[in-house]
Protein chains: 2
Amino acid sequence: MDISEVRERIVAAADELYNAKGIQAVGMDELRSVAGVSLKKLYAEFPSKSSIVMAVLEHRHKSWTEGLDATVQQAGGPRERLLAIFDYLAGWFCQDSFRGCGFINSFAELGAISPDVAEYARKHKESFQEYVARLAGEAGAPGYLAPQLAILAEGAQTTAAIAGTSDAAGQARQAAAVLIDAALTAD
Amino acid sequence: MDISEVRERIVAAADELYNAKGIQAVGMDELRSVAGVSLKKLYAEFPSKSSIVMAVLEHRHKSWTEGLDATVQQAGGPRERLLAIFDYLAGWFCQDSFRGCGFINSFAELGAISPDVAEYARKHKESFQEYVARLAGEAGAPGYLAPQLAILAEGAQTTAAIAGTSDAAGQARQAAAVLIDAALTAD
DNA sequence: TTGCAATGAGAACGATCGTTCTCTACTATG
DNA sequence: CATAGTAGAGAACGATCGTTCTCATTGCAA
């Protein structure tokens with residue numbers, strides 16, 4: 001078993017478990033069991049639980065961002081690319097494993113007692129805002145549109161997570177279309 | 001010291017502490033110390049920590065809903081009442097103690113392992129959605145407007161919490177105005 | 001075969017948590 | 001004054017957590 005494969009298995013198992021049950025509710029022994037590695041290997045790979053948490057956040061950021069960009073790239077024009085953000089959300093919300101944005105959740109759970117977690121969550125959201133701003137810029141929209149769309153996307157995530165209804169993405173998409181068209185015709 | 005005053009002090013202290021540090025990060029001893037009651041009184045009033053959590057959620061729901069309604073009632077017309085939602089959010093975000101919606105946070109922290117917490121968070125959001133729907137109905141707006149505004153409000157909360165910028169309320173308010181006007185002229 | 005380094009399973013440890021129990025001191029009524 | 005009852009401070013308890021340690025076992029090189 002390769003050493004980097006061990007890392008991947010640990011991070012993948014931690015990602016699933018932390019998403020499903022919350023970070024603090026998952027002990028190292030349960031993680032060891034699900035990942036299928038010994039406790040010694042686990043601590044040889046990561047110095048502490050908090051370092052695993054940070055690795056999970058990095059992994060989440062990478063896969064989420066890549067998934068979003070893949071969906072956006074498939075869309076036709078600049079306007080459709082902005083709307084594709086919400087198509088990506090819709091597909092995400094439909095997954096059985098969806099239990100809200102992992103960054104919002106980890107921020108809520110650990111943000112107040114772990115500056116690292118708080119900062120990483122902030123950077124993830126900042127990166128998303130910049131991504132939306134770039135798409136909006138390519139569409140020729142005024143600067144105020146991107147924060148509005150980002151807020152819609154955030155709201156769709158928490159609404160879908162708590163209410164358990166996945167149509168929040170569709171409602172957010174319709175609202176986004178209105179905001180986009182209003183912004184594009186306002187010049 | 002009246003017995004109901006003891007309850008209030010416990011719930012008030014728990015509300016502050018849970019909001020500031022997260023629920024799981026606050027032990028019963030710290031709560032006892034801040035509330036200024038003995039551990040015996042604490043357990044005479046509440047059978048367990050989870051019952052305190054539920055009492056805090058009830059208290060939060062009541063004060064948040066009342067505060068929102070008070071702000072809304074001060075607004076002039078139906079359209080202004082819808083926008084007043086975001087004025088209430090703006091004032092909330094500016095408070096030093098603001099650290100995100102307590103229901104989103106408690107859902108993220110305990111929703112997966114406590115059905116009671118998950119259900120209460122869902123009911124709180126449901127109640128907010130119904131409130132927005134009532135205001136939108138009084139404004140003569142079509143049915144799709146209220147979920148859109150609710151999503152905007154949710155998104156403003158998490159954006160303000162994580163990014164730490166309180167202007168998410170203003171951005172959401174501007175987006176809400178666009179959505180409201182578009183919905184009201186769409187008939 | 002023999003010795004050695006590495007591995008795995010799980011016990012052990014210290015800390016902390018929620019909860020209960022003990023014991024002391026005070027209060028109030030006869 | 002005496003005594004029964006109450007309340008407070010904090011020790012104690014069992015459970016669980018993150019982390020480390022032990023030790024038997026394995027695979028491999030000489």
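Numbers restart at 1 for each chain; the letters A, B, ... are given by sequence-line order, proteins then strands.
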A.B. asks: Give me the distances for all protein-to-nucleotides 4-6 of chain C N/O pairs that come in under 3.5 Å?
C.D. replies:
none

A.B. asks: D:dG8 phosphate, OP1 or OP2: any side-chain N/O from B:Lys41 under 4.0 angstrom?
C.D. replies: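 B:Lys41 to D:dG8 OP1/OP2: side-chain N or O found under 4.0 Å.
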A.B. asks: Tell me whether the rings of B:His124 and B:His61 are parallel (<30°), tilted (30 to 60°) or perpendicular (>60°).
C.D. replies: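 Perpendicular, since the angle between the ring planes exceeds 60°.
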A.B. asks: Do B:Ser114 and B:Asp116 get their side chains close enough for a donor-acceptor pair, meaning under 3.5 Å?
C.D. replies: no
A.B. asks: Measuring from A:Glu130:CD to A:Lys123:NZ, what's the distance to the nearest 0.5 Å?
C.D. replies: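 With rounding to 0.5 Å, CD (A:Glu130) is 10.5 Å from NZ (A:Lys123).
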A.B. asks: Return the CZ to CG distance between B:Phe103 and B:Leu57, rounded to the nearest 0.5 Å.
C.D. replies: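 Separation between the atoms: 5.5 Å.
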A.B. asks: Under the rule for ring-ring contact (aromatic ring centres under 6.0 Å, His included), what residues qualify as partners of A:Phe93, not counting sequence neighbours?
C.D. replies: A:Phe98
A.B. asks: Quick check on contacts: within residues 23-33 of chain A, what sits under 4.0 Å from DNA chain D by heavy-atom distance?
C.D. replies: A:Val26, A:Gly27, A:Met28
A.B. asks: Between the side chains of A:Glu45 and A:Lys41, is the shortest nitrogen-to-carboxylate-oxygen separation below 4.0 Å, so that they form an ion pair?
C.D. replies: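 Salt bridge: no.
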A.B. asks: Quick one: list whatever passes ring-ring contact (aromatic ring centres under 6.0 Å, His included) with A:His59, sequence neighbours left out.
C.D. replies: none
A.B. asks: To the nearest 0.5 Å, tell me how far A:Ile85 CD1 sits from A:Thr71 OG1.
C.D. replies: 10.5 Å
A.B. asks: D:dC17 C1' sits how many Å from A:Leu110 CG, rounded?
C.D. replies: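 So the CG-C1' distance, A:Leu110 to D:dC17, works out to 14 Å.
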A.B. asks: Taking the minimum atom-to-atom distance to the side chain of B:Ser48, which one of C:dA9, C:dT19, C:dG10 wins?
C.D. replies: C:dT19
A.B. asks: Restricting to nitrogen or oxygen on both sides, can you table the protein-nucleotides 23-28 of chain D pairs closer than 3.5 Å?
C.D. replies:
none

A.B. asks: Between C1' on D:dT16 and NZ on A:Lys21, what's the gap in Å once rounded to a whole number?
C.D. replies: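 Between C1' of D:dT16 and NZ of A:Lys21: 13 Å.
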A.B. asks: What side-chain donor-acceptor pairs closer than 3.5 Å can you find for residues 17-28 of chain A, not counting sequence neighbours?
C.D. replies:
from: A:Asn19; atom 1: ND2; to: A:Ser97; atom 2: O; distance (Å): 2.7
from: A:Lys21; atom 1: NZ; to: A:Glu30; atom 2: OE1; distance (Å): 3.3
from: A:Lys21; atom 1: NZ; to: A:Glu30; atom 2: OE2; distance (Å): 2.8

A.B. asks: Could you check which of D:dG18, C:dG18, C:dG8 has an atom nearest any side-chain atom of A:Tyr43?
C.D. replies: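 Taking heavy atoms from C-beta onward, the closest nucleotide is D:dG18.
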A.B. asks: Choosing from D:dT19, C:dT19, C:dT7, which nucleotide comes nearest the side chain of B:Leu39?
C.D. replies: C:dT19
A.B. asks: Report the distance from atom CG of A:Leu42 to atom P of D:dC21, rounded to the nearest whole Å.
C.D. replies: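 Rounded to the whole Å, the gap is 16 Å.
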A.B. asks: Supply the atom-to-atom distance A:Gln174 CD to A:Leu83 CG, rounded to the nearest 0.5 angstrom.
C.D. replies: 10.5 Å
A.B. asks: Work out which heavy atom in A:Ala75 is nearest to a heavy atom in A:Ala84; give both atom names and the distance.
C.D. replies: CB-CB, 3.9 Å
